[in-house]
Amino acid sequence: MIDAQHVKPYGDTLNDGMVQLSFTLPIPLSSTAKEAARQLVANMGLEEVAVAHAEGISDTFSFFIVYGKCSHGVNVAEITVPEVTLEVLPKKEIDDFIRTHLNRKLNVVGACIESDAHTVGIDAIMNIKGFNGHKGLESYHEIDAVNMGAQVTCEEVIRKVYEVKADAILISQVVTQKNIHIANLTRLVDMLEAEGVRDKVTLVVGGPRISHELAKELGYDAGFSSNTYAEHVASFLVQEVKRKNVREIGKEQVNL
Amino acid sequence: MIDAQHVKPYGDTLNDGMVQLSFTLPIPLSSTAKEAARQLVANMGLEEVAVAHAEGISDTFSFFIVYGKCSHGVNVAEITVPEVTLEVLPKKEIDDFIRTHLNRKLNVVGACIESDAHTVGIDAIMNIKGFNGHKGLESYHEIDAVNMGAQVTCEEVIRKVYEVKADAILISQVVTQKNIHIANLTRLVDMLEAEGVRDKVTLVVGGPRISHELAKELGYDAGFSSNTYAEHVASFLVQEVKRKNVREIGKEQVNL
Amino acid sequence: MKKLNLDQSIIDRGRQYAKQIVDKVQEHIDAHSTVTVERSVLRLLGIDGVDQAGVPLVNGIVEELHSAGVLGKGVMYWLVNGILNTKLSPQQLTECVINREIDLVQLPRVSEQEIKNTAQRLAILSLQKIKERRKEREELIADLGKGQEPMLYVIVATGNVYEDAIQAQAAARQGADIIAVIRTTGQSLLDYVPYGATTTGFGGTYATQANFQILRQALDEVGKEVNRYIYLTNYCSGLCMPEIAVMGALERLDVMLNDSMYGIIFRDINMKRTFVDQYFSRLINGYAGIIINTGEDNYLTTADAIGSAHTVLASELINEQFAFRCGMISEQLGLGHAFEIDPQTPNGFMYELAQAQLVREVFPHSPIKYMPPTKYMTGNIFKGHVQDTLFNVCSIMTGQSLHLLGILTEAIHTPLIHDRFLSIESAKYVFNNLRGLTDEIYFRQDGFIQQRAQEVLEKAISLLEEIADVGLMQALALGYFADISRTSEGGKGLQGVIVKESDYLNPFIPLILKGGNGND
Amino acid sequence: MKKLNLDQSIIDRGRQYAKQIVDKVQEHIDAHSTVTVERSVLRLLGIDGVDQAGVPLVNGIVEELHSAGVLGKGVMYWLVNGILNTKLSPQQLTECVINREIDLVQLPRVSEQEIKNTAQRLAILSLQKIKERRKEREELIADLGKGQEPMLYVIVATGNVYEDAIQAQAAARQGADIIAVIRTTGQSLLDYVPYGATTTGFGGTYATQANFQILRQALDEVGKEVNRYIYLTNYCSGLCMPEIAVMGALERLDVMLNDSMYGIIFRDINMKRTFVDQYFSRLINGYAGIIINTGEDNYLTTADAIGSAHTVLASELINEQFAFRCGMISEQLGLGHAFEIDPQTPNGFMYELAQAQLVREVFPHSPIKYMPPTKYMTGNIFKGHVQDTLFNVCSIMTGQSLHLLGILTEAIHTPLIHDRFLSIESAKYVFNNLRGLTDEIYFRQDGFIQQRAQEVLEKAISLLEEIADVGLMQALALGYFADISRTSEGGKGLQGVIVKESDYLNPFIPLILKGGNGND
Ligand code: B12
Ligand code: B12
Ligand SMILES: Cc1ncc(COP(=O)(O)O)c(C=O)c1O
Ligand SMILES: Cc1ncc(COP(=O)(O)O)c(C=O)c1O
């Protein structure tokens, strides 16, 4: 039986802890290098460490493939992951909701910002043809979707937000090397806040290395990763409209 | 510059610590499982842990490919690895040495013991045709090599040792699952000691998962792993003869 | 599709030599029985269980009769005589014998004819049970379907039958079509079959009837879930070959590693013993509708894959004839061959293609078994995964039938759950991506591939001619296969060979041979 | 070997249309220059360095003349006039201008003829330097040899030129034949070339002349060690295309990513700008004996690899004609294509084979560049390694020339040192193991592969016909390539386009075109 408080890797027997690793050490291959590889892994808390493969891959680099048995487990019972709470609605319901509750189209601006030129992801969400048979936001009758494309500066995004009176901003970030996405995403939030518009829009970010958790940390309303389709985003936007409406109505009531 | 006291894995920048891991957790795939995978690796002392791939590989198993940056290094300056100290001699020198110093042939018994049936390794060392173009012990004029083959019990090995007055025993162990090789190798040493012949022979073990260190621990004189050829073993045996001769002569002198 | 421009008359000649070779060995077979054959007879009659010392009851009885020197009549004779005397069931009688309450040899003798008749009746009833399991399989396959060729064949080998069951189900969910439960090291040299569910094996799990049952049930379960009948494989080899055949027939195994010579060559089992054992085991396997896998692939782990390629083909033709003698049909013969050429060989892949296509064309109706690279796999799992990929490519390009998946950790450990997953995923990808290729591609007329295949064929036929001349036993002594030499009096198990007396009784043999075989 | 049964007259017709298309664009090209072309002229004259604000001196001068509205005469005119007035060297003069000590436009005007003569002399001297580097390369290759086709082409992309050098050397030792240093994100949209050795880039390293030098030296060093001339590759694209061509020619790069349309489509650079820039850049590349790589492979990252296969071929034919206009020869054209079909596609490999063979047969003399799977690579590095293996198999089966290695971590990060090692090892294994296969295998007459190739060819020719009709600029607006649409007035860099005046001076163009080109 699996003990949820100590979940360990499984190789071929429960709790054997089996883990595969590979890495390079910047030293020439030798028995010492192999032993260094073994110790490195042993210091990770792995037992019965076996260097399955060791190979010199240049005069001063050696590559290792190692197996070891992880002695520690994870307390799965205690993990809570922030997730976008989402009821994915069919397209028609989304359109209907916007029509009846907003009485106008929902305005969405999308862009792949700063130096990032990977549009395939944002296109998959926004463009009519969509992705994997899931039509994009442009195909929703009640959504006005403006896809600004790639390498759009934050300044341009904000200009467009004003221009179309955007309800939501969709940002894509694919390049993450040296955490450039964090820099770019932070820059946008800071600018939105400086302009005083951050609270007036729903701010969403997506990309293969984006998590909801990260998005929240950076001050976004939601983060989406791989296997996202337009209906997920649209459902989230509609849900936000609902939530904000309630808030607005609440406010108005107070104002009365 | 590499700091030998803190050698860390190298991905694409010195000391970035980059390590690849893969393993399975015995829980269904979910955001929680992904987070568990991340935590497991973080608890190994890896930073910026990224779950690059997560996949359900059965209803209750999920597989992960993870990258992380190892925060600890290894003190390579302090590592000393027990190695067979060996000057590999050419075949002719080996034969000459035996002829001049022993005045008789060197008797060697080899076997793959107990349940292990992998003879290719021991054959590579012993049989005439050898391996990778390196002739085996049978091709040495001054060595009398008896290859007993596979699945030979320890009892049979010892019987043969008496029969041929063996100077050396060569054992092969390839199957290591559940450490069966340790059990087999220990059994042989124990029996040799019980018989009082352990000190009279050179005891060598080989196999792909054998190290000299392990061999020493188990009470063997040497351990050989992959890429061993007959000349390595023969050189070691001759060197032992030399060492023992010196000892014997030493003894005799004392006796005078 | 024929692509090699082979001369069919050469192939026919090879089959002719192979038949001659096997005919000669058959004389020895017909004249002998073995302790395990006799124990198989008891198992067929439903006798099971172990004594207090853990020795199987069937061993107890046969040992006793063997010591008494009366096994030449066949255990069936003594048992049925006992039944007729005591009116006990076979199992009850056996227990009494083991408990020393009855001594079979001391009982009064019923008439030969009466014994024969009862034996015949009991044998027919036993075979009926096997036929039922066979029908069950056929119905399940008709209902659920089965994997598409090349069928994805994987091993589980945890040493613990319960973990094996978990891993086997996971593998089926991942896409495996055939699951083989690898046997612990050493079992093949046991002259008895262990009993009950087991949880400790090394490099594999004990083959026991209980373990077969546990795995059969696990696979039937998951088969319904994945809507595909999942084949179960085990090892019908070693000193208890025919007994395992019986167990497999009763527990509805679908595939059995079952070779006429593997035990001789790779386990140093005496050849006189093995030839007799393999015969009876194949009678049962054939009857049970089981597909056998031969072990020629192993030759290339000890001999050179390029230089000894023809020995594989020659041996397959011999194995085929041995199987035909047992009433098996081509559709049951998963003849083994392998992708084992040193990966450093320039154009090695072309040799592999030639060989794989050759085996395919020589045995067009057989579900040939194609084995992955093993010997040249290293601890470099990434490179290993690539070696396995080329193997997958070769398999789909040449239309192999039973495709044993290479596993990237071959040189390290028996497969972990994700090792197997990665293999299955990769093979599925390659097969789906290249499936049509075999129909699209031709080999150059008299090009390297055609010439190599023709050369291997010719060398194989010459070798068979030579063996037909010296006899198979002598050929084994000469180390013709796998570069390993075995003598006819050497090896384990010779003491278990029994000379049949003229009135030797074993109704199963004639029953299965004379039309009883489900194959007709 | 021809295997597709293609109709050569259809191919010829395609080339005819492509020529028509390019001829039309050439009218625009001949009438214009751009700021970066003018800066290239200055770089050719040896002007280098940055001002106190880090702006390259060549930008300072060209910007000033552009603001003054006098660039229509060509920067050469103003510079040479300055030189003749001041007797300063080009570099000295430039520094004076930047320091506002001299105003080029205010200087007295020397006679047109004198300016022309001096310009001509300076240009010849400059080209001489490039020719020397070219000769140097030829000698080194004659001496050391170079990689065998398909040449193993890998990228380094650490962002730090010194790490790049380490990784590049390691790769060469591992077996790489060609090293490309990937450029940082964003550089292509800079309208100047950064200066000096750099250590901070994202997803790549800045292309600077100093960086080129550092890497050239590292590769020359390791080339001697591995006894193989190692090709150095960079990106001759973006808003500074021709300047990078100059830098590459001076630092003896061997391969340049250099496409006539990539910047338009994938970087939203204005097309009027790019067409002019690519022309001058290719004059230089051609003269320097550099192999260019075109970027059609990228189309399949945004458009569907099966549905848009013909757009790749059509674009290659256009790129070829653009290159011919610059005096380049087929042997310099590393036309790009890719293995990008969704791995789930049944028989996807057969489509890939058809396409790879088609490109091979249409451009028999060109060192075509074959790109690995990227779009459908996932975080599953093991599966990725298999995808890359099939790519390697396809490449060796179809005789590709420049083989860009797929990397198992494509979907995760730019390659780590062992990622690259594993790729190289795998490709070497596959190539060595399958090298002869291409000569052994035929495709079925009118089979799937032949039909698919013929269909793609026909569709490509139809598309070219259509483009010849509407014009290339309109075709780009219609999104014919990569499913991306660009307008002739949109995108970045249009303000840098200059209408040439009738007395526009740029002696390099006629010099290179009129027989100066080392290719004849
Ligand atoms: C296609 C591609 C390109 C194309 C891009 C074409 C285009 N117009 O988009 C081209 C060839 C131009 C290109 C260039 C480069 N690329 Co690129 N590229 C890729 C590649 C192969 C596929 C990306 C892709 O299209 N995926 C398919 C889409 C559908 O998936 P997705 O982006 O994840 O999107 C999904 C989700 O993430 C989500 N999503 C994404 N965005 C958003 C936004 C919102 C609001 C929401 C809700 C959801 C969402 O929904 C989408 C659908 O499910 C990847 C490798 C890989 N296999 O991932 C490298 C990759 C992304 N590229 C990379 C690099 C480094 C570059 C370059 C910088 C290299 C260079 N120096 O030249 C250049 C420059 C680009 C630049 N300036 O940004 C690296 C990034 C490394 C890193 N982690 O930082 C990668 C990983 C390759 C590698 N290993 O080096 N690239
Ligand atoms: C060939 C082979 C077989 C052949 C063996 C034929 C034979 N007559 O030897 C056959 C097919 C019979 C076989 C069977 C089995 N095998 Co096996 N087999 C292999 C295989 C593919 C290659 C081994 C080999 O020959 N290597 C080549 C030789 C030359 O290398 P080597 O043994 O390392 O020897 C060198 C050095 O180690 C050293 N050396 C070795 N011995 C000695 C001794 C001395 C004194 C010295 C000095 C040096 C030395 O020198 C040699 C030359 O350099 C490996 C996988 C692999 N790629 O490694 C699996 C492998 C070893 N087998 C394995 C298993 C489990 C089995 C079985 C138990 C499976 C089963 N249940 O049926 C059976 C039963 C065998 C048994 N009872 O032992 C496992 C072991 C797992 C583990 N770590 O415990 C492996 C790793 C495969 C796997 N992943 O499951 N096998
Ligand atoms: C035909 C055959 N039988 C049996 C085995 C397994 O060996 P054992 O019978 O010792 O378990 C193999 C090994 O792969 C084989 O090929
Ligand atoms: C022809 C070509 N140019 C340039 C690039 C790289 O882009 P950038 O110029 O933005 O660095 C590519 C990308 O692979 C390409 O194919």
Side-chain angles (χ1 to χ4, degrees), chain A residues 20-26 28-29 37 53-66 111-124 127-129 131-133 147-153 156 173-184 207-209 225-227, chain D residues 157-160 166-175 182 184-190 200-204 222 225-226 266-269 298 301-304 342 344 374-375 377-379 381-382 408 411-414 416-422 424-425 482-486 490-492:
Chain A
Q20 174 269 327
L21 301 94
S22 75
F23 53 86
T24 293
L25 293 181
L29 183 62
H53 187 70
E55 187 161 359
I57 61 170
S58 184
D59 47 3
T60 54
F61 291 99
S62 33
F63 175 57
F64 300 93
I65 296 173
V66 181
C112 187
I113 59 171
E114 299 293 333
S115 59
D116 203 325
H118 291 86
T119 53
V120 180
I122 188 83
D123 288 351
N127 291 7
I128 269 207
K129 81 170 179 186
F131 191 57
N132 267 352
N147 182 353
M148 299 179 72
Q151 296 190 310
V152 183
T153 61
E156 289 172 281
Q173 284 287 277
V174 175
V175 178
T176 59
Q177 220 199 20
K178 307 219 162 120
N179 286 326
I180 190 167
H181 61 308
I182 311 258
N184 293 343
R209 303 277 154 238
S225 187
S226 305
N227 303 319
Chain D
T158 68
N160 176 331
I166 292 173
Q167 305 245 337
Q169 291 194 332
R173 291 191 188 104
Q174 292 157 10
I182 301 298
T184 181
T185 66
Q187 181 174 1
S188 49
L189 298 188
L190 301 181
T200 45
F202 301 96
V222 78
E225 183 189 318
V226 300
F266 287 93
R267 291 293 172 267
D268 197 12
I269 296 176
N298 297 288
T301 63
T302 52
D304 177 61
D342 184 344
Q344 290 193 33
T374 62
K375 184 173 169 183
M377 295 289 279
T378 67
I381 56 175
F382 297 98
L408 74 179
I412 306 172
H413 47 235
T414 47
L416 307 183
I417 190 162
H418 46 258
D419 296 342
R420 210 180 291 108
F421 163 72
L422 293 171
I424 293 172
E425 171 183 62
D483 286 357
I484 294 171
S485 128
R486 303 296 184 194
K492 290 125 188 161

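Chain letters run A, B, ... following the sequence lines, proteins first and then strands; every chain starts at 1.
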- Interface moiety of D/Gln187 toward chain A, non-hydrogen atoms closer than 4.5 Å: neither

- Working to the nearest 0.5 Å, report the span between OG of A/Ser22 and CG of D/Asp419. 8.0 Å

- More than 12 foreign heavy atoms under 6.0 Å from CD of D/Gln344: is that the case here? no

- Gap between atom CD1 of D/Ile484 and atom OG1 of A/Thr119 - 0.5 Å precision: 5.5 Å

- Message: Taking the side chain as everything from C-beta on, heavy atoms only, tell me whether D/Asp268 gets closer than 4.5 Å to A/Gln151.
- Response: no

- Task: Could you look at A/Glu114 and say if it's the side chain, the backbone, both or neither that has a heavy atom under 4.5 Å from chain D?
- Result: neither

- Item | Validation row: D/Arg173, A/Ile57 side chains within 4.5 angstrom (heavy atoms) | no

- Item | Heavy-atom proximity to chain A below 4.5 Å, by part of D/Leu189 | side chain

- Message: Can you tell me which portion of A/Asp116 sits under 4.5 Å from chain D's heavy atoms? Options are side chain, backbone, both or neither.
- Response: neither

- Item | Top of D/Thr184, D/Ile412, D/Leu416 for chain A proximity - count of heavy-atom pairs under 4.5 angstrom | D/Ile412

- Message: If you apply the rule side chain to side chain contact (heavy atoms under 4.5 Å, CB included), what do you find for D/Ile417 with A/Phe63, and how did you get there?
- Response: CA-CA 9 Å; D/Ile417 190 162; A/Phe63 175 57; over 6 Å; no

- Heavy-atom pair with the smallest gap, counting every atom of D/His418 and A/Thr24: ND1-OG1, 2.6 Å

- Query: Checking D/Thr301 against chain A: side chain, backbone, both or neither under 4.5 Å from a heavy atom?
  - Reply: backbone

- Message: Counting only non-hydrogen atoms closer than 4.5 Å, can you tell me which residues of residues 175-183 of chain A sit against chain D?
- Response: A/Val175, A/Gln177, A/Lys178, A/Ile180

- Message: At a 4.5 Å cut-off on heavy atoms, which part of D/Ala157 comes close to chain A: side chain, backbone, both, or neither?
- Response: backbone

- Message: As an exercise, state the distance from CG of D/Asp483 to CG of A/Asn127, rounded to the nearest 0.5 Å.
- Response: 9.5 Å

- Task: Would you mind checking which part of D/Asp342 comes under 4.5 Å of any heavy atom in chain A, side chain (CB onward), backbone (N, CA, C, O), both or neither?
- Result: neither

- Task: Measure distances from D/Leu422 to the heavy atoms of chain A and classify the residue's part below 4.5 Å as side chain, backbone, both or neither.
- Result: side chain

- Note on the structure: Closest non-hydrogen contact found for A/Ala117 with D/Arg267 is CB-NH1, 3.5 Å

- Item | D/Phe202 portion near chain A, given a 4.5 angstrom heavy-atom threshold | both

- Message: Can you tell me if A/Asn227 has over 12 outside heavy atoms packed within less than 6.0 Å of its CG?
- Response: no

